[in-house]
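Contents: one structure, followed by commentary.
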Amino acid sequence: MKIVTFNINGIKARLDALTAYLQGAGADADVICLQEIKSVDEAFPREYFEAMGYRVETHGQKSFNGVAILSKLPLTDVRRGLAGGDGDDHARWIEAVVMGAQAVRVCGLYLPNGNPVEFDGNAPVQTGKYGYKLGWMARMQARVAEVLALEEAAVFCGDYNIIPQDIDCAKPEAWAKDALALPPSRAAYRQMLNLGLTEGLRAQNPNPGLYTYWDFQAGAWERNNGIRIDHHLLTPQAADLLTASGVDKSERGRERPSDHVPVWITLAA
DNA sequence: ATGTCAGCCGGAGGCTGA
């Protein structure tokens, strides 16, 4: 089972690039988790993807955010949103059990960016957008703990908006005070890993210079000024099935590309 | 910090979010 995460930055603007990917490097993907569809469910081109052979589940909203799952395999137990949050109306979480040779729970997520961060001296103030990010991560951790307790093969993949370590970006000094790399952000990410999850790509490739996002601005792509923020986190039962992983970097060079590229893992399931 | 992009409202271009 090949599972892709891809922040497409707008389904309407990315229909051509996504179609080309699904007919090219992504043709053998069984499951594609999409982030930032920036569309309400009714406006998502469901029939278009169904005609290409995918089941389609969306959790969208107007203008911003929004996540979806495309799957060649049947889906069950589809869930939308995280518990808690008290009125949080951001569409950032969708999950389903993918019925392959072995069932795999796939959770697609779009973790809040968290910028801009306010500082009290050198300390980031954990209110506003940054507070929302950290609060959302705590809610996600609660769901991760629930899923771990099921002791099943499960994958949490998406745009985490977390640069896990300095080796995951070209210019660490430029990100030191950014919500994507601040110590509380990295600590919250590590806390989830420490519950017993394995990062799919890193488990197989320890090298620096592996990026999944290049800013549209300041020639970031041309200068390879990238960051690695799109991740697959695997439960032990899923990690035991991990056979391969990779980044489809060349998608960033397309006409009208997203600022993110697809990241994939394959499981013996 | 910014050599950018997407979507909204509204019918241009300024605003938001990233």
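Lettering of chains follows the sequences in order, A, B, ..., and the numbering in each one begins at 1.
Taking the six-membered ring for Trp and thresholds of 30 and 60 degrees, Phe49(A) and Tyr54(A) have ring planes more than 60 degrees apart, a perpendicular arrangement.
Residue pairs that meet the salt bridge (Lys or Arg N to Asp or Glu O under 4.0 Å) test with at least one member in residues 98-121 of chain A, sequence neighbours left out, are Asp77(A)-Arg105(A), Glu95(A)-Arg105(A), Arg105(A)-Glu152(A).
Seen from the ring of Tyr211(A), Arg228(A) does not count as a face-on cation partner, given the 6.0 Å and 45° thresholds.
Put simply, NZ on Lys62(A) is 15 Å from C1' on dA6(B), counting in whole angstrom units. Put simply, CZ on Arg223(A) is 16 Å from P on dA1(B), counting in whole angstrom units. The separation between Arg252(A) atom CZ and dT4(B) atom P is 12 Å, rounded to whole Å. Taking atom CD on Glu255(A) and atom P on dC5(B), their separation rounds to 11 Å, with Å as the unit. Rounded to whole Å, the distance from CZ on Arg14(A) to P on dT4(B) is 16 Å. One atom, CH2 of Trp221(A), and another, P of dC5(B), lie 15 Å apart when rounded to the nearest Å. Distance, Arg256(A) CZ to dC5(B) P: 9 Å, rounded to whole Å.
The two residues Ala103(A) and Val97(A) make their nearest non-hydrogen contact at CB-CG1, 3.9 Å.
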**Prompt:** Just by protein heavy atoms under 4.0 Å, how would nucleotides 10-18 of chain B read 5' to 3' in B, S and -?
**Reply:** -------SS
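Nucleotides dG10(B) and dC15(B), compared at atom C1', are 13 Å apart to the nearest Å. Taking atom P on both dG7(B) and dT2(B), the two are 25 Å apart, rounded to the nearest angstrom. Using P as the reference atom, dA6(B) and dA1(B) are 25 Å apart when rounded to the nearest Å.
Looking at which nucleotide of DNA chain B each of Ser39(A) and Ala174(A) is closest to, the 5′-most match is held by Ala174(A).
With hydrogens and angles left out, the side-chain atoms of Thr127(A) and Tyr132(A) include no donor and acceptor closer than 3.5 Å. A side-chain donor from one of Glu199(A) and Tyr189(A) sits under 3.5 Å from a side-chain acceptor of the other.
Classification of Lys2(A) and Asp28(A) as a salt-bridged pair holds, one side-chain N sitting under 4.0 Å from a carboxylate O.
Nucleic acid contact class of Ala13(A) (heavy atoms, under 4.0 Å, all strands): sugar-phosphate only.
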